[in-house]
Structure formats: structure tokens, C-alpha cells
Amino acid sequence: MALFTVRVFVTLKPSVFDPQGRTIVESLHGMGYPAVADVRQGKYFEVQVDAADTAGAETLVREVSGKLLANPVIESFRIEAPAPVA
């Protein structure tokens with residue numbers, strides 16, 4: 001077994017209204033950044049897991065992300081490739 005860090009990015013699905021992202025866009029426009037067209041807010045997790053290999057680490061983190069870290073009704077998530085902890 002080895003220890004891996006897996007990064008998980010959770011964002012609202014495109015069809016879900018994002019009031020926090022909208023507020024950020026409006027604030028940026030007020031600060032003089034009219035070129036910012038859109039902002040979608042989300043969550044970021046670093047999960048460390050013991051696994052036999054990178055595939056096992058990714059499978060485990062994908063499972064817990066779908067069950068706990070992201071709300072599958074309104075959010076989607078993506079996972080970066082597991083990296084061994086130095």
C-alpha cells in the first residue's frame with residue numbers, strides 16, 4: 001500500500017443558477033474588469049488515501065466524491081490523477 005493525494009474539483013452543473021458566481025462577476029465589473037463574462041464557484045478537496053496503486057486510489061476517491069463530496073443532483077466533479085505522497 002502507498003499513500004496518494006487525489007484532488008477533487010466540485011462545481012455546480014451548468015443548468016444550476018450560481019448566485020455567488022453572479023455576485024463575483026458583478027463585483028468585478030464594478031472594479032473595472034468588464035471583460036470577465038462569467039464565474040462559476042465550486043469546492044476543492046485534497047483527499048489522501050492508502051491504495052495499492054493509482055487506479056485503486058482514483059476508484060476510491062471517485063466513489064466517495066459521488067457519495068459525499070458532491071451533491072449529484074446539482075453538482076458535478078472531476079478528479080486529477082492521483083499523486084504519490086512524497
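If you're wondering where the values come from, they're calculated on a predicted model, not measured in any experiment.
For Gln20, the side-chain hydrogen bond (donor to acceptor under 3.5 Å, both in side chains) criterion is met by no residue, not counting sequence neighbours. In this structure, Arg78 has no side-chain hydrogen bond (donor to acceptor under 3.5 Å, both in side chains) partners at least two apart in sequence or on a different chain. Residues passing the side-chain hydrogen bond (donor to acceptor under 3.5 Å, both in side chains) test with Thr5, sequence neighbours excluded: Gln48. Legend: residues meeting side-chain hydrogen bond (donor to acceptor under 3.5 Å, both in side chains) with Tyr44, ordered by chain and number and at least two apart, are Arg7, Glu46. Looking at residues two or more places apart in sequence or on another chain, you find a side chain to side chain contact (heavy atoms under 4.5 Å, CB included) between Thr23 and Ser27.
Residues in residues 14-31 take part in these salt bridge (Lys or Arg N to Asp or Glu O under 4.0 Å) pairs, two or more places apart or across chains: Arg22-Glu26. Legend: ring pair (Phe, Tyr, Trp, His ring centres under 6.0 Å) pairs involving residues 46-86, not counting sequence neighbours: none detected. Applying the salt bridge (Lys or Arg N to Asp or Glu O under 4.0 Å) test to residues at least two apart or on different chains, the pairs with a partner in residues 31-45 are Lys43-Glu75.
With rounding to the nearest 0.5 angstrom, the CG atom of Asp53 is 6.5 Å from the CZ atom of Phe4.
The same ILVMFWY cluster, assembled from side-chain heavy atoms under 4.5 Å apart, contains both Ile79 and Phe45. When hydrophobic clusters are built by joining Ile, Leu, Val, Met, Phe, Trp and Tyr residues whose side-chain heavy atoms come closer than 4.5 Å, directly or via intermediates, Val10 is grouped together with Val49.
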Using atom types as modelled, flag every donor-acceptor pair under 3.5 Å from a side chain in residues 55-68 to any protein atom, sequence neighbours excluded.
unit_1, atom_1, unit_2, atom_2, d
Glu58, OE2, Arg62, NH2, 3.0
Thr59, OG1, Ala55, O, 2.9
Glu63, OE2, Lys67, NZ, 3.3
Ser65, OG, Val61, O, 2.7

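Within 6.0 Å of the CE atom in Met1, the count of heavy atoms belonging to other residues, nucleotides or ligands exceeds 12.
Listed by chain and number, the hydrophobic cluster partners of Leu12 are Val16, Val73, Ile74, where partners are ILVMFWY side chains within reach of under 4.5 Å, directly or through others. In the hydrophobic clustering, Val85 connects to Leu3, either directly or through intervening members, whenever side-chain heavy atoms lie under 4.5 Å apart.
Nearest approach of Ala70 to Pro72, heavy atoms of both residues: O-CD, 3.3 Å.
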